[in-house]
J.: 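Before I ask anything, here is the structure I am working with.
First listed ligand is number 1; within each ligand, the first listed atom is number 1.
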Amino acid sequence: MILLDGKKTSADLKQEIAESVKQLKAQGKKTPHLAAILVGTDGASMTYVSSKVKACELVGFNSTLIELPEETSEEKLLQEIEKLNNNSDIDGFIVQLPLPKHIDEQKVLMAVNPDKDVDGFHPVNVGKMALDLPCFLPATPFGILELLERYNVETSGKHVVVIGRSHIVGRPMSILMSQKRKAGNATVTIAHSRTKNLKEITLQADIIVAALGIPEFLTGDMVKDGVTIIDVGITRVEDATKKRGYRLAGDVHFESVSPKSSYITPVPGGVGPMTIAMLLKNTLLACERKN
Ligand code: GUN
């Protein structure tokens, strides 16, 4: 069993990005600048956004964090987005999800200029992705492809089962891995909450991407020997033995699944750090496009 070490791989990637930033600066070119909008005080979202800002500092990017209160109106949020769209120093920006219930997420994501949409969530980027055209790939799927590539995990002709059909992970993952590309050319099955006989399907999988958001859902009896496991889940589970009162659990029951796996991502330290690295990569690409 080989651990797909997202922490190490993302550190390598960040070093490569930092090197590119140094070169841009040495050539007198613009420093990449990422902005993030956070609405409200959801604990997990605050942690993710602060990790994104810290990662910017590490690679030499400029960053701007816009924190808005929970009760912010949709109109006010759309105004903030318009300001970032019109600010030529900002190369890319993200609106951290989930948004409070009174705000229409789709409307917000559609307001982001697709050229600055480093999350790859705008319909223009999703459409381009589906058509194999150059675009910003959503950071989590992009990070998974990068991890599979860097560990030389064979995907061509393999049966990939993606569990979960979210717009952020499952759906794009299923599209990308079926395409003619590195870490692609797979036969993909997408499973979800209405799928019948899931275990019969996962037992046939060469690669499983678990992205359904249910802690420790995928157990050892559901996978075949030699499987590759990508665990996208990261749920806070109450744990009184921990100082902070919770532990982070993936969608995979690591103890029973890992002995049967060829490759497996740990939680934490697998997919999560890759997501941040690929957001930086997209921001670098956005900046280089301008240069
Ligand atoms: N919430 C969970 N994952 C993500 C992500 O990749 N981008 C944004 N903006 N919000 C998220």
J.: Quick one: do Asp239 and Arg244 make a salt bridge, cutoff under 4.0 Å?
T.: no
J.: Answer whether the closest heavy-atom distance between the side chains of Thr72 and Pro69 falls below 4.5 Å.
T.: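 Result yes, sub-4.5 Å side-chain heavy-atom pair found.
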J.: Counting only heavy atoms closer than 4.0 Å, does ligand 1 sit against the backbone of Val95, its side chain, both, or neither?
T.: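 Backbone only.
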J.: Looking only at heavy atoms, is any part of Phe121 under 4.0 Å from ligand 1, and if so is it the side chain, the backbone, or both, or is it neither?
T.: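 For Phe121, only side-chain atoms sit under 4.0 Å from ligand 1.
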J.: Return yes if a side-chain donor-acceptor contact under 3.5 Å exists between Glu82 and Asn85, otherwise no.
T.: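 Asn85 and Glu82 do have a side-chain donor-acceptor pair below 3.5 Å.
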J.: Which heavy atom of Lys30 sits nearest a heavy atom of Asp89, and at what distance?
T.: NZ-O, 2.9 Å
J.: What part of Leu97 sits under 4.0 Å from ligand 1 if we count only heavy atoms: the side chain, the backbone, both or neither?
T.: both
J.: Is it the case that Arg289 places NZ or CZ above or below the six-membered ring of Phe136, under 6.0 angstrom from the centre and within 45 degrees of the axis?
T.: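 Ring-cation test returns yes.
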J.: I need the nearest protein heavy-atom contact for atom 3 (N) of ligand 1: residue, atom name and distance, please.
T.: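 Scanning the protein heavy atoms, the shortest distance from atom 3 (N) of ligand 1 goes to Ile168 CD1, 4.4 Å.
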J.: How close does the nearest protein non-hydrogen atom get to atom 8 (C) of ligand 1, and which residue and atom is it?
T.: Asp119 OD2, 3.3 Å
J.: How close does the nearest protein non-hydrogen atom get to atom 11 (C) of ligand 1, and which residue and atom is it?
T.: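 I find the closest protein heavy atom is Gln96 NE2, 3.3 Å.
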J.: When you check the gap from the basic side-chain N to the acidic O, do Glu57 and Lys54 get nearer than 4.0 Å?
T.: no
J.: Kindly confirm or rule out an N or O of Thr140 lying under 3.5 angstrom from an N or O of ligand 1.
T.: no
